[in-house]
Amino acid sequence: MSFPDSADNLPAHPGTEWLAAMESVADEDGYLDPLGPNHWAFFAETGTTLLVTFERAEQIEANDGNMPAAWDLAKRNGWSLLCLIARGETFWRAPEVWGYFDRLVDDAFFDDFDQVLFYGSGPQAMPPPLMS
């Protein structure tokens with residue numbers, strides 16, 4: 001997995017200053033990768049259970065602390081978190097999102113966890129199917 005540019009580079013992209021909160025958490029043991037102009041992947045490894053969520057950037061921006069809604073749940077339970085973030089109603093069908101999941105499967109990323117939980121609500125939270 002590649003790590004993203006530092007938080008110092010984020011303001012060069014207008015409207016992405018809110019990503020700095022996730023970048024500071026990702027610096028510990030994880031990453032915040034841009035997947036294209038409207039998608040990001042935030043990963044924080046803290047446990048052997050992985051919670052995968054799908055959230056809208058607009059909702060994260062409105063949260064106190066600018067963190068995904070699932071972050072508190074993951075921290076409380078000692079879980080790792082992989083949050084796919086989209087700006088706008090992309091319905092997770094962008095080629096860069098599909099490509100990211102394909103890369104995770106090819107790299108056996110999910111095999112590193114004892115349990116993987118997927119959570120999303122609404123049509124914007126429909127994950128791409130995982131293919132092996």
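- By the 30° and 60° cut-offs, the orientation of the rings of Phe54 relative to Phe118 is parallel.
- The minimum heavy-atom distance linking Trp71 with Ala44 is given by the pair CZ3-CB, 3.5 Å.
- Judged by distance alone, with hydrogens and angles left aside, the side-chain atoms of Asp114 form no donor-acceptor pair with the main-chain N or O of Thr49 at under 3.5 Å.
- Between Glu96 and Arg103 there is no salt bridge, since none of the side-chain N atoms of the basic residue sits less than 4.0 Å from a carboxylate O of the acidic one.
- The shortest distance between side-chain heavy atoms of Lys75 and Thr46 does not fall below 4.5 Å.
- The shortest heavy-atom contact between Gly47 and Ser80 is O-OG, 2.8 Å.
- With Arg56 contributing its side chain and Ile85 its backbone, the two residues share no donor-acceptor pair below 3.5 Å.
- Between the side chain of Glu55 and the main chain of Ala70, a donor-acceptor pair closer than 3.5 Å is present.
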Margin query: Quick one, Trp79 with Leu117, criterion side-chain contact (heavy atoms from CB on, under 4.5 Å). Give me CA distance, side-chain angles, the key distance, then yes/no.
Written below: CA-CA 10 Å; Trp79 296 342; Leu117 310 168; 3.9 Å; yes
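- Nearest heavy atoms, Phe42 versus Met67: CZ-CE, 3.8 Å.
- Of the listed residues (Ile60, Leu19, Leu84, Leu35), just one forms a side chain to side chain contact (heavy atoms under 4.5 Å, CB included) with Trp40, and that residue is Leu19.
- By the 4.5 Å heavy-atom criterion applied to side chains, Asp27 and Val25 are not counted as neighbours.
- Between Phe109 and Tyr100, a ring centre-to-centre spacing not shorter than 6.0 Å is recorded.
- Of the candidates Leu104, Thr53, Leu51, Leu82 forms a side chain to side chain contact (heavy atoms under 4.5 Å, CB included) with just one, namely Leu104.
- Ring orientation note: the planes of Phe110 and Phe101 are close to parallel, at an angle under 30° on the 30°/60° scale.
- A 4.5 Å side-chain heavy-atom check between Phe43 and Leu50 finds at least one atom pair inside the cut-off.
- In plain terms, the two heavy atoms of Leu32 and Glu23 that are nearest each other are CB-OE1, 3.7 Å.
- For Leu81 against Ala74, the heavy-atom pair with the smallest separation is CB-CB, 4.0 Å.
- Distance alone, capped at 3.5 Å, is enough to place a donor-acceptor pair between the Glu58 side chain and the Gly88 backbone.
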